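Below: one structure, written as structure tokens.
So that the names make sense, note that chain A is the first sequence line, chain B the second, and so on, each numbered from 1. Everything numeric here is computed off the predicted structure, so don't read it as measured data.
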There are 2 protein chains.
Amino acid sequence: MNVKKRPLYKQLKQELIQKIERGELKPGDVLPPERELAKIFNMSRMTVRQAISELVNEYVLIRRHGSGTYVAEHKIPQGKKLKSFSEEMRLRGMLPGSKLCEKKIVLSPSANMAAELKSEGKLFMLKRLRLADLEPMAIETSLLPINRFPSLENRNFENESLYEILEEEYNIKMTKAQQKIEVRMPTPQESELLDINYTIPVFHFKQVTFDQNDTIFEVAHSVYRGDRYEIETEIYR
Amino acid sequence: MNVKKRPLYKQLKQELIQKIERGELKPGDVLPPERELAKIFNMSRMTVRQAISELVNEYVLIRRHGSGTYVAEHKIPQGKKLKSFSEEMRLRGMLPGSKLCEKKIVLSPSANMAAELKSEGKLFMLKRLRLADLEPMAIETSLLPINRFPSLENRNFENESLYEILEEEYNIKMTKAQQKIEVRMPTPQESELLDINYTIPVFHFKQVTFDQNDTIFEVAHSVYRGDRYEIETEIYR
DNA sequence: AAGTGGTCTAGACCACCGA
DNA sequence: CGGTGGTCTAGACCACTTC
């Protein structure tokens with residue numbers, strides 16, 4: 001008397017995942033052929049294929065026509081990792097730095113700069129000029145809800161990492177961020193701060209950052225010099 | 001005597017995409033039931049399901065158990081997946097298009113545009129103006145080693161997807177791409193092709209694309225209008 | 001040539017939704 | 001309740017890789 005509520009193909013899927021997690025199937029290993037799996041698990045080949053197809057879509061397995069089905073090599077999407085400015089500059093072999101521009105509490109954020117946080121009341125605004133090898137690289141403006149981070153405004157941000165403070169003092173870890181990236185010409189104020197000619201375009205990053213509870217805790221705008229900065233990324237099918 | 005080289009489910013897939021592009025199916029519309037589609041196109045229901053499943057994975061359709069299959073509302077940015085120009089524009093709710101600019105075989109690619117492919121001998125160069133809703137959006141220049149893709153130069157690329165040709169005729173699937181993205185001002189030729197003022201900056205994507213064997217099969221440069229295009233992405237810690 | 005995954009059929013019954 | 005998508009079968013032949 002089977003409790004067969006769970007679909008067969010999902011059972012097989014879970015079985016395969018567990019074999020991989022237990023190390024019985026290692027990256028690069030061949031799976032048994034579909035027809036054999038069908039026999040072993042007493043199901044039809046189409047059902048086996050459905051299980052495998054989903055795992056292929058999830059990058060767990062790889063099919064090779066005429067050859068076999070293999071456990072995928074674990075890949076680390078380097079370019080897709082969430083990094084702070086400091087971490088990223090160090091990765092590029094540059095010395096990161098920071099200069100405080102502005103630090104204040106705002107009631108209604110200018111325009112719709114932080115529509116995602118608007119319901120949170122007062123916001124803490126931090127605007128910093130970010131340096132790489134002592135030269136201006138970007139202007140970073142962060143907005144954080146002050147009720148979640150009391151007395152954050154009393155910190156000195158010249159030589160402190162914002163994300164380190166949030167992690168160590170407020171137990172907030174950034175886990176995910178959504179970005180929209182535009183290109184445009186700098187405003188006069190921006191070209192002066194960044195010390196670039198007004199003919200040099202800039203990247204404008206608009207970011208919302210999520211914590212470990214999948215809650216937005218920051219809205220940030222960053223303006224990067226187009227003559228010194230380029231985005232590097234790696235994407236997968 | 002059928003010319004049945006193209007799989008049935010891919011034919012149906014294309015049929016459905018075209019119906020959406022022509023506006024015969026609009027976002028939110030219900031598709032005919034699977035059993036009916038099977039009758040209309042004279043194929044089995046499982047084949048219909050395969051076509052629909054792939055479109056669901058590509059966020060073109062949405063299935064609702066017990067209710068029906070619907071055309072997705074465009075708006076969901078799916079940041080980190082490798083997409084072709086056409087796929088991406090469709091995701092953004094725009095109609096993709098293409099205009100051939102140049103198509104030739106080059107011996108030594110200009111400058112170091114394709115250092116990654118240089119050892120491969122002659123290269124096929126394809127330069128296309130990419131349209132979104134009939135307006136210029138980007139200039140795409142692809143370089144491919146001609147020895148891996150014989151007679152690729154004889155294709156007409158006006159209404160054909162490069163990646164679909166590579167996948168179906170040469171069995172090459174793109175699995176990974178590395179990109180460097182710069183911002184700069186357009187050259188006079190670029191601003192004319194893109195139909196933008198010379199004061200509008202552009203994104204310049206430099207991409208190397210890998211196939212299922214982790215071999216580079218394409219080097220591509222794309223120049224996107226900064227006033228119409230923005231990058232949307234999601235990053236994780 | 002043998003063995004693999006890729007496509008396809010013509011059914012069947014189940015689970016869910018909406019009137 | 002009827003109609004929808006969800007799961008599943010037991011075959012068949014094709015296309016590709018490997019030897």
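Regarding A:Glu54, its CD atom lies at a distance of 11 Å from the P atom of D:dC8, rounded to whole Å. When rounded to the nearest whole Å, the span between CD of B:Gln50 and P of D:dG5 equals 17 Å. One can place CZ of B:Arg49 at 11 Å from C1' of D:dC8, the figure rounded to the nearest angstrom. The distance from atom CG of B:Leu37 to atom P of D:dT4 is 11 Å, rounded to the nearest whole Å. Per the geometry, CG belonging to A:Leu12 stands 11 Å off P belonging to D:dT9, to the nearest Å. When the P atom of D:dT17 is taken as reference, atom CZ of A:Arg63 falls 15 Å away, rounded to whole Å. Regarding B:Tyr9, its OH atom lies at a distance of 7 Å from the C1' atom of C:dG6, rounded to whole Å. Remark: P of C:dC8 and NZ of B:Lys13 are 12 Å apart, rounded to the nearest angstrom.
Regarding contacts with the backbone of C:dG5, a side-chain N or O of A:Thr69 is found under 4.0 angstrom from either OP1 or OP2.
Closest to the A:Leu8 side chain, of the nucleotides D:dT9, C:dG6, C:dT4, is D:dT9. The side chain of B:Ser44 lies closest to C:dC8, out of D:dG6, C:dG6, C:dC8. You'll find that the side chain of A:Glu34 is closest to C:dG5, out of C:dC8, C:dG5, D:dT7.
Applying the side chain to side chain contact (heavy atoms under 4.5 Å, CB included) criterion to A:Val30, with sequence neighbours excluded, gives A:Tyr70.
Salt-bridge annotation for B:Lys122 and B:Glu153: absent, with no side-chain N of the basic residue lying under 4.0 Å from a carboxylate O of the acidic one.
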Steps toward salt bridge (charged side-chain N to carboxylate O under 4.0 Å, His left out) verdict (A:Glu34, A:Arg63):
CA-CA 11 Å; A:Glu34 296 174 350; A:Arg63 282 203 180 107; 3.6 Å; yes
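The structure places OH of A:Tyr229 at 3.5 Å from CD of A:Glu88, a figure rounded to the nearest 0.5 Å. We find the CE-CE distance between B:Met137 and B:Met94 to be 4.0 Å, quoted to the nearest 0.5 Å. How far CD of A:Gln178 is from CZ of A:Phe210: 4.0 Å, rounded to the nearest 0.5 Å.
Within the 4.0 angstrom heavy-atom criterion, no nucleotide atom of any strand lies near B:Ile52.
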For nucleotides 11-19 of chain C, 5' to 3', base contacts (B), sugar-phosphate-only contacts (S) and non-contacts (-) with protein non-hydrogen atoms under 4.0 Å give -BB-BBB--
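The two atoms that bring A:Glu182 and B:Phe203 nearest to each other are C-CZ, 3.8 Å, heavy atoms only.
Taking for each of A:Met43 and A:Tyr70 the nucleotide of DNA chain D with the nearest heavy atom, the 5'-most of the two is the partner of A:Met43.
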